[in-house]
Amino acid sequence: MRKNIKATAFAAASAALALGLTACGSSSDPSSTKADGGKTDESKPLVIAASPSPHADILNFVKDKLAAKEGLKLEVKEFTDYVLPNTATEQGQVAGNYFQHKPYLDDFNKKNGTHIVPVVNVHLEPLGLYSKKVKAIGDIKPGQTIAVPNDTTNEGRALQLLAANNLITLKEGVGTSAKLSDITDKKGLEFKELEAATVPRALGDVDAAVINGNYALEAKLSPAKDALALEKAEGNPYANFLAVKAGNEKDPRIEKLAKLLGSDEVKKFIEEKYQGSVIPAFGAPAAS
C-alpha cells in the first residue's frame, strides 16, 4: 500500500465507503459523534472500524463479554485495508477505529489532511520475517528475494528489522522512515515491495517476507513460532490503539470502550488467545 493516494482513487474509495455504510444503515452517523463539543446521544451504538485480526477479535470479545455491563452498545465493522478506516473516521461514518500505530497515523494525517488522534494503546503485533524456503536467518543468501510492505512506515519498520538481523545495512540515523534507497549494503539481496495485505499471499513466490502481525495471523502464521526474526517488544513504538477524530475523545461511549480495552479481562484474553503473537500494551500513546 502506498499512502500518497491519488485524489481520484481517494475520492472514489470514500464515496464507495459512504454508500456502503448508508446501505447498511450505519447508526454511527456524524450526528452521533460530534467533534464540536455537542452532546452525544449515548443510546446510539458505537461503531468502530477495525482490521479483522486481532483488532476485531478483541473488540468482539469486549462487545460479547464486557460492553453490556457498562451500558455500551458496540458495533464492529471490519476493513481489510489501511486507508478506509481513517477516512471513515474523519468523515464521521464510524465513531473511531482500531487498527494502526502512531508512526502510521502521523504519516497518514500529514499526507491526507486528516485529524485522527489516538485515545489509548491496546496491543503490539511484532513484525516478523517469514519464509517457506529457508529455516533460519543464516540460510538467506545473496541473490534471494525478500518481500516488504510498501507503505512508508511499515517499510521502514521492515528494513529496521532486516538491519537488526544483519541482512542489510542502512544509512545511519534513518530510523523508521527508512526506504530501499537508504540501504547502503543489500548484501546481494533483492527486494519486492508489496501492499502489506498481499505480502502473505506472496510468501511462496519469494525467499522470505516481512509481514505485519495482523496479516500473519490471518494467514494462519504464528509470529511467536513461525517467524525467523521478530521485533522486540521492549521500547517498541508500534503499539496499536483506539483512535477517533480530534474532538471526540470525550465521547462517553469512547471513554467506556477505552476503559474496557485496558481491562484485566482483555489482557487475559489477548495473552491466552495469541500466546505471545500479540502482546498487551496498555497505556497512553506516545506524544507526537
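Keep in mind that what you see is a predicted model, and the values were worked out from it rather than measured.
Here the NZ atom belonging to K77 is positioned 11.5 Å from the CD1 atom belonging to I48, to the nearest 0.5 angstrom. Here OG1 of T176 is found 11.5 Å from NZ of K102. Values are rounded to the nearest 0.5 Å. Taking CG of D106 as the start and OG1 of T152 as the end, the distance is 12.5 Å to the nearest 0.5 Å. Between atom CD of residue Q100 and atom CZ of residue F108 there is a gap of 8.0 Å, rounded to the nearest 0.5 Å. Here the CG-CG distance, from N121 to L261, works out to 11.0 Å after rounding to the nearest 0.5 Å. Residue D151 holds its CG atom at 4.0 Å from CG of N154, rounded to the nearest 0.5 Å.
L46 is listed as a side-chain neighbour of I254, based on a closest heavy-atom distance under 4.5 Å. Between E155 and E193 the shortest side-chain heavy-atom distance falls below 4.5 Å. N97 places a side-chain heavy atom less than 4.5 Å from the side chain of I116. Side chains of T89 and N248 form no contact here, defined as non-hydrogen atoms less than 4.5 Å apart. You'll find the side chain of P52 reaches within 4.5 Å of the side chain of E218, heavy atoms only. The shortest side-chain heavy-atom distance between T87 and T114 does not fall under the 4.5 Å cut-off.
The shortest non-hydrogen separation linking A224 to S277 is N-OG, 3.4 Å. The minimum heavy-atom distance linking V76 with A50 is given by the pair CG1-CB, 4.3 Å. The two residues E90 and K245 make their nearest non-hydrogen contact at O-NZ, 3.1 Å. Here the closest non-hydrogen pair linking E271 and P280 is CG-CG, 3.8 Å. Residues N212 and L127 approach most closely at CA-CD1, 3.4 Å, considering heavy atoms. Listed here is the closest heavy atom pair of L66 and S263: CD1-OG, 3.8 Å.
Looking at E249, its side chain does come within 3.5 Å of a backbone N or O of G247 through a donor-acceptor pair. Between the K256 side chain and the L72 main chain, no donor and acceptor come within less than 3.5 Å of each other. Not a single donor-acceptor pair under 3.5 Å links the side chain of D107 to the backbone N or O of Y104. The closest donor-acceptor contact from the side chain of R253 to the backbone of K44 lies under 3.5 Å. Distance alone, capped at 3.5 Å, is enough to place a donor-acceptor pair between the Q160 side chain and the G175 backbone. Counting only distance, with no hydrogens or angles, the side chain of N240 and the backbone of Y238 share a donor-acceptor pair below 3.5 Å.
Applying the ring-ring contact (aromatic ring centres under 6.0 Å, His included) test to pairs two or more places apart or on separate chains, those with a residue in residues 186-225 are Y82-Y215.
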Intermediate values then yes/no, side-chain hydrogen bond (donor to acceptor under 3.5 Å, both in side chains), N86 and N112: CA-CA 10 Å; N86 275 337; N112 296 291; over 6 Å; no
CA sep, side-chain torsions, deciding dist, call: H123, F269, ring-ring contact (aromatic ring centres under 6.0 Å, His included): CA-CA 12 Å; H123 77 269; F269 172 77; over 10 Å; no
Candidate pair F99 and H55, rule ring-ring contact (aromatic ring centres under 6.0 Å, His included), full reasoning: CA-CA 6 Å; F99 77 99; H55 309 80; 7.3 Å; no
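A salt bridge links E70 and K259; the closest N-O separation between the charged side-chain nitrogens and carboxylate oxygens is under 4.0 Å.
Of the options I168, L162, T169, a side chain to side chain contact (heavy atoms under 4.5 Å, CB included) to K187 is made by T169 and by none of the others. V278 pairs with exactly one of L217, L124, N214 by the side chain to side chain contact (heavy atoms under 4.5 Å, CB included) rule, that one being L217.
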Table please: side-chain donor-acceptor pairs of residues 128-145 below 3.5 Å, with sequence neighbours left out.
from: S131; atom 1: OG; to: K133; atom 2: N; distance (Å): 2.9
from: S131; atom 1: OG; to: V134; atom 2: N; distance (Å): 3.0
from: S131; atom 1: OG; to: D207; atom 2: O; distance (Å): 2.5
from: D139; atom 1: OD2; to: K135; atom 2: N; distance (Å): 3.4
from: D139; atom 1: OD2; to: A136; atom 2: N; distance (Å): 3.2
from: K141; atom 1: NZ; to: G138; atom 2: O; distance (Å): 3.0
from: Q144; atom 1: OE1; to: K141; atom 2: N; distance (Å): 2.8

